[in-house]
Amino acid sequence: MRLFGPLAEAAGAVLLPLDLPLAATAEAAVAALVARVPALAPRLDASVRFAVGVEYVPADRPLAEGETLCLLPPVGGG
Amino acid sequence: MMPSFQFVVTDAPLSLEAASRAVAREDCGGVALFLGTVRSPNEGRAVERIRYTAYREMAEAELARIGREAAKKWEIGNVYLAHRIGEVLPGEPSLIVAVSAPHREAAFAACRYAVEELKRRAPVWKEEFAADGKRWVENPPGAP
């Protein structure tokens, strides 16, 4: 799992390996992340978006083996 | 009309000259150009500097998608989208959107579209530094 912006700051890491069941969704990955880093829970609400590769994906997308899920907190560009 | 596109996410200072050169073409009667700069004060705080970080590969891909969407919606010539990352001081440009088109209505509309979509979708994060510390600043959802 790859974290960005305030999420990476709060986790103290930009990359967190997580063991997930096959075809786990992005939502399930977030639940696993909260179990591992409870301090992130308040930040992992509906405002967080997901990406795989360089594209947004929906929260119910199943992850393939070895795929990296990106967690994108609310953006501030411009 | 065959549009051409240029998308830049860079830690180097942005250049208006590069933007206008990228979009200029003889079959277009105008260029709409939006220059976003770091504002101080912001929400009552005197801003010392901004630090932008990005998921750079995706930011470039997202800018490309936005540019191509604009070219589908309006009859436009070229699109130039650039976002600065790293440290930026008040008054300095953080964003340039430039669109050329045969007619101004399409240029204005496509430029506006690209600015709004970029603020909503580009994976870029902003830390604002002031005398009393730093904070993450988010774009408001829906209406940036």
Side-chain angles (χ1 to χ4, degrees), chain A residues 1-18 20 24-27 29-30 32-34 37-78, chain B residues 7-10 14 34-39 42-43 47 50-66 81-86 88 93-97 112 114-128 134-144:
Chain A
M1 183 170 285
R2 198 168 162 192
L3 306 176
F4 292 91
L7 273 180
E9 185 184 68
V14 293
L15 276 174
L16 280 175
L18 282 181
L20 295 169
T25 61
E27 272 172 326
V30 167
L33 176 64
V34 170
V37 192
L40 288 183
R43 294 176 177 276
L44 293 171
D45 57 17
S47 68
V48 173
R49 286 183 283 177
F50 305 104
V52 173
V54 295
E55 266 186 88
Y56 285 107
V57 296
D60 59 359
R61 180 185 180 285
L63 297 167
E65 200 177 346
E67 252 179 358
T68 299
L69 177 69
C70 299
L71 261 56
L72 310 176
V75 297
Chain B
F7 310 107
V8 185
V9 177
T10 177
L14 300 183
F34 179 81
L35 179 69
T37 55
V38 171
R39 176 180 57 237
N42 184 34
E43 294 171 2
V47 176
I50 295 287
R51 182 162 67 208
Y52 289 102
T53 51
Y55 175 9
R56 195 166 179 158
E57 298 84 355
M58 181 173 166
E60 285 173 349
E62 204 61 34
L63 296 190
R65 284 188 278 269
I66 291 166
L81 290 170
H83 203 297
R84 175 101 182 256
I85 52 175
V88 191
S94 55
L95 169 69
I96 297 180
V97 174
R112 175 77 193 256
V115 172
E116 304 300 342
E117 289 300 302
L118 183 151
K119 290 182 82 84
R120 212 168 61 75
R121 290 157 53 183
V124 175
W125 295 274
K126 173 166 145 179
E127 285 166 281
E128 189 183 80
K134 73 121 185 160
R135 60 173 192 153
W136 293 93
V137 181
E138 300 170 6
N139 294 334

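First the proteins, then the strands, lettered A, B, ... as listed; each starts at 1. From a predicted model like this one, the values you see are computed outputs, not experimental measurements.
A donor-acceptor pair is defined here as one N or O able to donate and one able to accept, closer than 3.5 Å; such a pair exists between the side chain of B/Trp125 and the backbone of A/Pro73. Judged by distance alone, the side chain of A/Tyr56 and the main-chain N or O of B/Arg121 form a donor-acceptor pair under 3.5 Å.
With a 4.5 angstrom heavy-atom cutoff, B/Glu138 touches chain A via backbone and side-chain atoms both. Heavy atoms of B/Ala122 lying under 4.5 Å from chain A belong exclusively to its backbone. The contact between A/Glu9 and chain B is made entirely by side chain atoms (from C-beta outward), counting heavy-atom distances below 4.5 Å. Proximity to chain A (any heavy atom under 4.5 Å) is shown, for B/Glu60, by neither the backbone nor the side chain.
B/Arg135 CZ: more than 12 foreign heavy atoms inside a 6.0 Å radius. Surrounding CZ of B/Arg112 are at most 12 heavy atoms belonging to other residues, nucleotides or ligands under 6.0 Å away.
A/Cys70 and B/Tyr55 get closest at one heavy-atom pair: SG-CE2, 3.7 Å. Nearest heavy atom pair, residue B/Met58 against residue A/Glu55, reads CE-C, 4.1 Å. Of all non-hydrogen atoms in A/Val54 and B/Arg65, the two that sit nearest each other are O-NH2, 2.5 Å. Among all heavy-atom pairs drawn from A/Gly78 and B/Ser94, the shortest one is O-OG, 3.0 Å.
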